[in-house]
Peer 1: 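Next up is a structure, given as C-alpha cells.
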Amino acid sequence: MTRLTLSAALALALLAAMPAQAQTPAAGAWLSTADIATHLAENGFRVLALERESDGFEADLIDRQGNRVEAQVHPVTAELLTTRNKGRAGAVHEQWLTLAQVARHLEGKGFTVRAIETEDDGYEAGLTDRAGVRTEVRIAPLTGDILSTKPD
C-alpha cells in the first residue's frame with residue numbers, strides 16, 4: 001500500500017480541483033480578424049493592433065476611459081481572456097477608417113489578415129493571399145487602399 005505524504009495529498013487535491021485547461025479550438029472555427037476587431041469595437045474599444053497567434057488573438061486596445069490595454073482574445077467568442085493596463089493612450093485619428101473596417105476590406109479582397117496594427121501614418125498588415133503567399137502591406141488610413149507590399 002502506497003502512503004501519500006500530507007504535501008503530496010494536498011498537491012493532488014489542488015490539481016483535481018483546478019479546471020481542465022481548455023483546448024484551443026481548431027483554426028477553422030475561429031472568427032476572422034475583422035470579426036474580432038468589430039466585436040471589440042462594438043464593446044467600446046478602439047483597436048490599435050490585432051495579431052493572430054497559435055492560441056488566439058493578441059490585441060492592443062484603447063478603452064472607453066482612454067487607457068491603453070493589451071489583451072488576449074478568445075478566437076471563437078472574442079472574449080477578453082487576459083488584460084494588462086499599459087497607461088494612457090495618445091491621440092486617436094478620429095477620421096481614419098477603424099482597424100475593423102480595414103481588416104474587413106482586406107478580407108473582402110480575399111486575404112487572410114494575420115496581423116494588423118495602427119502606425120503613425122496609416123496601417124500595416126501581415127496578409128496571406130488565397131494561394132498561401134504571405135506579404136506585408138502598408139495601408140492608406142482614409143481609404144483602406146494598399147499603398148505598398150513586400151514579401152513576408
Side-chain angles (χ1 to χ4, degrees), residues 11 14-152:
L14 288 173
L15 188 61
M18 291 175 62
Q21 182 70 16
Q23 296 268 334
T24 301
W30 286 22
L31 295 171
S32 72
T33 302
D35 289 339
I36 296 284
T38 299
H39 176 80
L40 293 169
E42 288 172 348
N43 284 280
F45 292 99
R46 176 78 179 206
V47 183
L48 299 177
L50 194 55
E51 184 171 353
R52 182 184 281 256
E53 301 199 342
S54 61
D55 59 347
F57 289 86
E58 184 175 306
D60 188 9
L61 310 167
I62 299 174
D63 68 13
R64 288 184 173 123
Q65 292 76 37
N67 297 309
R68 192 119 180 222
V69 177
E70 185 178 277
Q72 294 295 319
V73 184
H74 192 279
V76 176
T77 64
E79 292 176 78
L80 298 183
L81 300 174
T82 63
T83 60
R84 189 173 79 174
N85 190 323
K86 306 277 286 183
R88 295 295 293 166
V92 175
H93 303 283
E94 294 298 332
Q95 59 276 73
W96 285 14
L97 295 172
T98 66
L99 187 136
Q101 290 169 320
V102 173
R104 179 98 43 227
H105 176 71
L106 294 167
E107 289 173 355
K109 291 182 174 245
F111 293 105
T112 298
V113 179
R114 296 185 323 277
I116 185 168
E117 62 185 77
T118 306
E119 298 289 336
D120 290 338
D121 60 348
Y123 293 98
E124 187 174 289
L127 308 176
T128 304
D129 68 14
R130 288 185 178 123
V133 176
R134 295 167 59 113
T135 57
E136 285 187 20
V137 299
R138 304 269 321 147
I139 303 157
L142 298 175
T143 64
D145 293 336
I146 295 174
L147 300 173
S148 65
T149 65
K150 68 178 183 178
D152 187 15

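Note that the structure is predicted; figures quoted are calculated from it, not measured.
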Peer 1: If you apply the rule salt bridge (charged side-chain N to carboxylate O under 4.0 Å, His left out), what do you find for D60 with K86, and how did you get there?
Peer 2: CA-CA 9 Å; D60 188 9; K86 306 277 286 183; over 6 Å; no

Peer 1: Donor-acceptor pair, H93 side chain versus Q95 backbone, under 3.5 Å?
Peer 2: no

Peer 1: Does the pair T128 and F111 meet the rule for a side-chain contact (heavy atoms from CB on, under 4.5 Å), with working shown?
Peer 2: CA-CA 6 Å; T128 304; F111 293 105; over 6 Å; no

Peer 1: Which atom names give the shortest non-hydrogen contact between A59 and V73, and what distance separates them?
Peer 2: CB-CG2, 4.0 Å

Peer 1: Please lay out, stage by stage, how R104 and Q101 fare under the test side-chain contact (heavy atoms from CB on, under 4.5 Å).
Peer 2: CA-CA 5 Å; R104 179 98 43 227; Q101 290 169 320; 5.8 Å; no

Peer 1: Using atom types as modelled and distance alone, determine if a side-chain donor or acceptor of Y123 lies under 3.5 Å from a backbone N or O of L97.
Peer 2: yes

Peer 1: Taking 4.0 angstrom as the limit, do D63 and R46 come out as a salt bridge?
Peer 2: no

Peer 1: We want to know whether D35 and T38 form a side-chain donor-acceptor pair, criterion being a heavy-atom distance below 3.5 angstrom.
Peer 2: no

Peer 1: Going from CG on L61 to CG on L80, what distance comes out if it is rounded to the nearest 0.5 angstrom?
Peer 2: 6.5 Å

Peer 1: Would R138 and E119 count as a side-chain contact (heavy atoms from CB on, under 4.5 Å) if you check the C-alpha gap in whole Å, the side-chain angles of each, and the deciding distance to 0.1 Å?
Peer 2: CA-CA 9 Å; R138 304 269 321 147; E119 298 289 336; 3.6 Å; yes

Peer 1: Does R130, at its CZ atom, have more than 12 non-hydrogen atoms belonging to other residues, nucleotides or ligands within less than 6.0 Å?
Peer 2: no

Peer 1: Over all heavy atoms of both residues, which pair between L40 and A78 is shortest? Give the atoms and the distance, please.
Peer 2: CD2-O, 4.3 Å

Peer 1: Check whether the side chains of T33 and R52 place a donor and an acceptor atom closer than 3.5 Å, and report yes or no.
Peer 2: no

Peer 1: Run R134 and D129 through salt bridge (charged side-chain N to carboxylate O under 4.0 Å, His left out) and show every step you take.
Peer 2: CA-CA 7 Å; R134 295 167 59 113; D129 68 14; over 6 Å; no

Peer 1: How many angstroms lie between CG in L81 and CD in Q72, if you round to the nearest 0.5 Å?
Peer 2: 7.5 Å

Peer 1: Measure across H105 and G144 and return the closest heavy-atom pair with its distance rounded to 0.1 Å.
Peer 2: CD2-O, 3.2 Å

Peer 1: If you round to the nearest 0.5 Å, how far is CD1 of I36 from NE2 of H74?
Peer 2: 9.0 Å

Peer 1: Looking at I139, is its backbone amide N or carbonyl O close enough to the side chain of E124 to form a donor-acceptor pair, meaning the two atoms are under 3.5 Å apart?
Peer 2: no

Peer 1: Any chance you could lay out the side-chain contact (heavy atoms from CB on, under 4.5 Å) test for K150 and T135, step after step, and finish with the verdict?
Peer 2: CA-CA 6 Å; K150 68 178 183 178; T135 57; over 6 Å; no

Peer 1: Only one of I116, D152, V113, T112 clears side-chain contact (heavy atoms from CB on, under 4.5 Å) with L127; which?
Peer 2: V113

Peer 1: Can you tell me how far CG of L50 sits from CZ of F57, rounded to the nearest 0.5 angstrom?
Peer 2: 6.0 Å

Peer 1: Please report the closest heavy-atom contact between T118 and L99, naming both atoms and the distance.
Peer 2: OG1-CD1, 4.3 Å

Peer 1: Roughly how far, to the nearest 0.5 Å, is the OG1 atom of T82 from the CD atom of E58?
Peer 2: 8.5 Å

Peer 1: Closest approach of L106 and A125, non-hydrogen atoms and distance?
Peer 2: CD1-CB, 4.3 Å

Peer 1: Assess whether atom CZ of R68 is packed by more than 12 heavy atoms of other residues, nucleotides or ligands within 6.0 Å.
Peer 2: no

Peer 1: Of the non-hydrogen atoms in V47 and A41, which two are nearest, and what is the gap between them?
Peer 2: CG2-N, 4.5 Å

Peer 1: Could you grab the distance from atom CG of N43 to atom CZ of R64, nearest 0.5 Å is fine?
Peer 2: 7.0 Å

